[in-house]
Amino acid sequence: MKRLAFAAATLFTSVSIAATAAARPMTPEDVAKLESVGAIAVSPDGSRVAFTTSRMPDVTEGEDNGSAKQELKLAWGPDMARAYLPADVSPSGVQFSPDGLMVSFVWAKDDEKRAVWGVPVDGGAYRKLAAIKDSSVSSYAWAPDGGTLYLLAGGEEDKQRAAQRKGGFNAKVYEEEARLNRLFAATVGEEVDAKPREIPVPGYVSAFKIGPDGATGIVESAPSPLIDDEYTSKRVHVIDLATGAVRAVVKTPGKLDDVEISPDGKQLALVAAIDANDPAATTLHLADVATGEFRAINAGAPEATVDAEWLPDGRLATVVHVGAQSTLRVYKADGSVDHEHDPGALILTRVEAAGNKLVVAADSPAHPTELFVLNDGAFQRWTNHNPWLSEITFAPQRTITYTARDGQQIEGILIEPLGEKQRKGAPTIFDVHGGPEAHESNGWQTGYSNPGQVAAAKGYAVFLPNYRGSTAYGTAFSKQHQGDYAGKEFDDLVDGKRALVVMGVTDPKRVGVTGGSYGGFATAWSSTYYSSEFAAGVMFVGISNNVSKFGTTDIPNEMYLVHERKWPWEEWDHLMERSPITHVDKAETPLLIMHGEDDTRVSPTQSYELYRHIKTRKPGTPVRLVLYPGEGHGNRLAASRYDYNLRMMQWFDTYLKTGDRKAAMPGPRPQLADGAKGAKPASKDDSTN
């Protein structure tokens with residue numbers, strides 16, 4: 001206990017958010033109306049920045065239910081931005097034309113397929129620039145001379161199969177009917193090119209770039225459209241855009257993320273895994289375009305590269321997360337470090353550059369993602385999309401470090417309860433991230449499934465642990481969870497609880513857990529195996545049976561390579577021992593289980609299993625299963641998100657705040673805001689973006 005007390009006292013990167021003239025705490029209704037910056041593009045001369053803002057329909061005020069809508073804006077200085085498109089246009093894939101005179105984007109008008117559109121920077125009507133007749137465009141790129149648009153579109157329609165479906169022959173062949181994407185070159189002119197030229201491409205291409213010579217394509221390709229191949233087998237191919245011939249392959253051995261081509265066309269920057277067992281693509285690599293040879297730049301460093309962008313002078317700007325904080329690091333063309341910019345309390349997430357302008361997307365403990373421009377070494381804020389946040393009283397938020405039982409240092413984000421400190425400690429919610437190959441940063445931490453400031457406003461402490469397996473601490477740390485499902489990784493949660501108790505933050509009898517996906521697995525484990533430690537759980541799209549999970553997921557190879565490192569048939573008994581359903585005999589923790597009915601990553605049957613085992617074996621333990629029709633591995637629609645947030649907080653208020661595990665279950669319907677009662681169903685086009 002003395003060691004825990006000493007470790008818990010090691011606090012750093014403290015960010016206190018004292019609101020001035022603030023009038024009220026944050027609510028679920030506030031979460032429902034948050035707006036943030038999405039895509040970013042910088043004009044070739046650096047004079048303007050195009051960006052999209054993303055906002056869910058506000059169902060709390062009676063707006064029609066649906067998914068997030070984007071709005072295109074152009075900015076030329078701090079608080080100097082204007083909208084460029086009508087409200088019914090929801091653009092994605094925003095870019096500038098090479099001459100900087102037009103902003104292009106992808107959009108589906110009415111019942112049409114998604115196509116590339118453009119709007120003049122100096123004002124005027126938007127028009128269609130390029131399209132594929134029988135398929136939607138997923139992404140595109142301009143040729144350097146502006147005369148051609150390269151389009152990535154879906155596979156050609158099987159007309160015979162479509163006719164059969166109309167006749168009622170609608171059987172689906174699992175994992176065998178997905179079609180490969182196609183790449184096209186369309187001439188840009190006054191009229192839309194009616195017959196774009198198809199370019200042969202290898203395998204399933206999911207993303208691409210065009211080289212500065214206009215003749216070279218950099219395509220990211222996997223053997224098939226299966227998400228498992230996307231995760232484990234995607235590679236970079238250098239192709240000839242005239243013939244489709246493959247000139248070189250960059251054979252990085254594992255996961256692959258951001259790929260960028262240098263201004264001279266000779267090098268690629270890749271954020272990739274260092275080997276096939278690396279849980280995440282977090283290491284910066286440089287690759288030779290001519291040969292495909294590559295080398296890692298920051299392998300083994302206790303950090304994660306999350307984005308990269310070549311600067312016009314041939315240097316490379318990268319966003320790097322170091323634990324719970326971030327930095328902007330600039331490399332020379334040879335891979336040596338040039339310099340870094342410390343953003344302070346900002347958490348940088350993306351970087352874009354052109355002309356003399358370097359732009360980042362960043363959030364902080366006080367606001368969601370906004371647009372910032374590097375100006376004389378400082379990050380200047382250009383946008384402010386939620387001015388009403390000035391009305392909110394924010395709880396203090398800081399980073400803490402504690403020592404796990406085996407001596408491992410673990411970092412996490414603590415949001416303290418708002419208001420007067422409680423003598424015996426506060427009810428505390430552990431918000432556990434998924435993956436586990438992900439990490440929490442000391443930035444904006446409030447969302448529909450993240451209790452954050454909403455819970456703090458109600459007197460809860462909220463803790464977001466970067467338990468072992470997390471990224472941003474180096475590949476060795478992210479591999480520590482491998483071959484040990486629910487072992488030391490979830491022991492870290494219990495050790496974190498005990499550290500918070502020693503610190504005087506937490507009431508040991510009122511600690512709850514929530515999380516989605518792998519965080520849902522942590523919640524299930526904490527509510528069964530570790531039930532004596534946790535007073536309430538809210539599990540989202542989580543895992544309850546490691547054997548059946550393997551047989552029902554769309555990422556079985558990824559599970560083997562970067563998680564367990566063994567196949568199920570090598571360790572049936574061990575997998576069952578590390579499954580929450582095996583430990584239901586200990587389940588005294590009231591558990592709310594929520595899941596999307598269409599989830600292919602973690603089958604909803606995982607939630608059915610845990611619900612049925614608890615309901616049957618422990619009939620005295622409160623348990624409820626809530627399913628969301630039409631939702632997958634996370635909720636997409638505004639009403640589903642708002643509903644989730646209300647149910648989560650209602651469950652914790654009933655069981656965690658009171659500390660009464662035997663309290664009567666709340667009613668099956670959450671109390672909606674008055675305006676939300678008039679929300680209409682989602683319209684057909686809500687899935688287009």
Item to check | Minimal non-hydrogen separation, I40 against L371, with atom names | outcome: CD1-CD1, 3.7 Å
Checklist outcome for this item: When every non-hydrogen atom of F430 is compared with those of K497, the smallest separation belongs to CZ-N, 3.4 Å
Next on the checklist: Using the rule ring pair (Phe, Tyr, Trp, His ring centres under 6.0 Å), only one of F540, Y467, Y518, F463 pairs with H433; which is it?
Outcome noted: Y467
Checklist entry - For residues E370 and T383, is any side-chain donor paired with an opposing acceptor at under 3.5 Å? => result yes
Checklist entry - Any side-chain donor paired with an acceptor under 3.5 Å for N635 and Y448? => result no
Next on the checklist: If you compare all heavy atoms of S470 against all heavy atoms of H439, which two are closest, and at what distance to 0.1 Å?
Outcome noted: CB-CB, 4.4 Å
Item to check | Min side-chain heavy-atom separation E29-L646 under 4.5 Å | outcome: yes
Checklist entry - Considering residues at least two apart in sequence or located in another chain, which fulfil the salt bridge (Lys or Arg N to Asp or Glu O under 4.0 Å) criterion with E440? => result none
Checklist entry - For D653 and Y460, does a side-chain donor sit closer than 3.5 Å to a side-chain acceptor? => result yes
Checklist outcome for this item: For L152 and A207, the nearest pair of non-hydrogen atoms, with its separation, is CD2-N, 4.1 Å
Item to check | Lys/Arg-Asp/Glu bridge criterion (N-O < 4.0 Å) met for E489, R468 | outcome: no
Checklist entry - So, for W107 and W117, which heavy atoms are closest and what is the spacing to 0.1 Å? => result O-NE1, 3.3 Å
Item to check | salt_bridge(K255, E558) N-O dist < 4.0 Å | outcome: yes
Next on the checklist: Is a donor from one side chain sitting under 3.5 angstrom from an acceptor on the other, for E35 and T53?
Outcome noted: yes
Item to check | side-chain contact (heavy atoms from CB on, under 4.5 Å) against P78, all qualifying residues, sequence neighbours excluded | outcome: M80, Q380, W382
Next on the checklist: Looking at every non-hydrogen atom in both residues, tell me the closest pair between W388 and D30 and how far apart they are.
Outcome noted: CH2-O, 3.5 Å
Checklist entry - Is the gap between the ring centers of F490 and F521 under 6.0 Å? => result yes
Item to check | Ring geometry between W651 and Y655 (parallel below 30°, tilted from 30 to 60°, perpendicular above 60°) | outcome: tilted
Checklist entry - Between F652 and K657, is there a cation-pi geometry (under 6.0 Å to ring centre, at most 45° from the normal)? => result no
Next on the checklist: According to side-chain contact (heavy atoms from CB on, under 4.5 Å), who are the partners of A81, at least two apart in sequence or on a separate chain?
Outcome noted: F51, A75
Checklist entry - So, E631 versus S640: side-chain donor-acceptor pair below 3.5 Å or not? => result yes
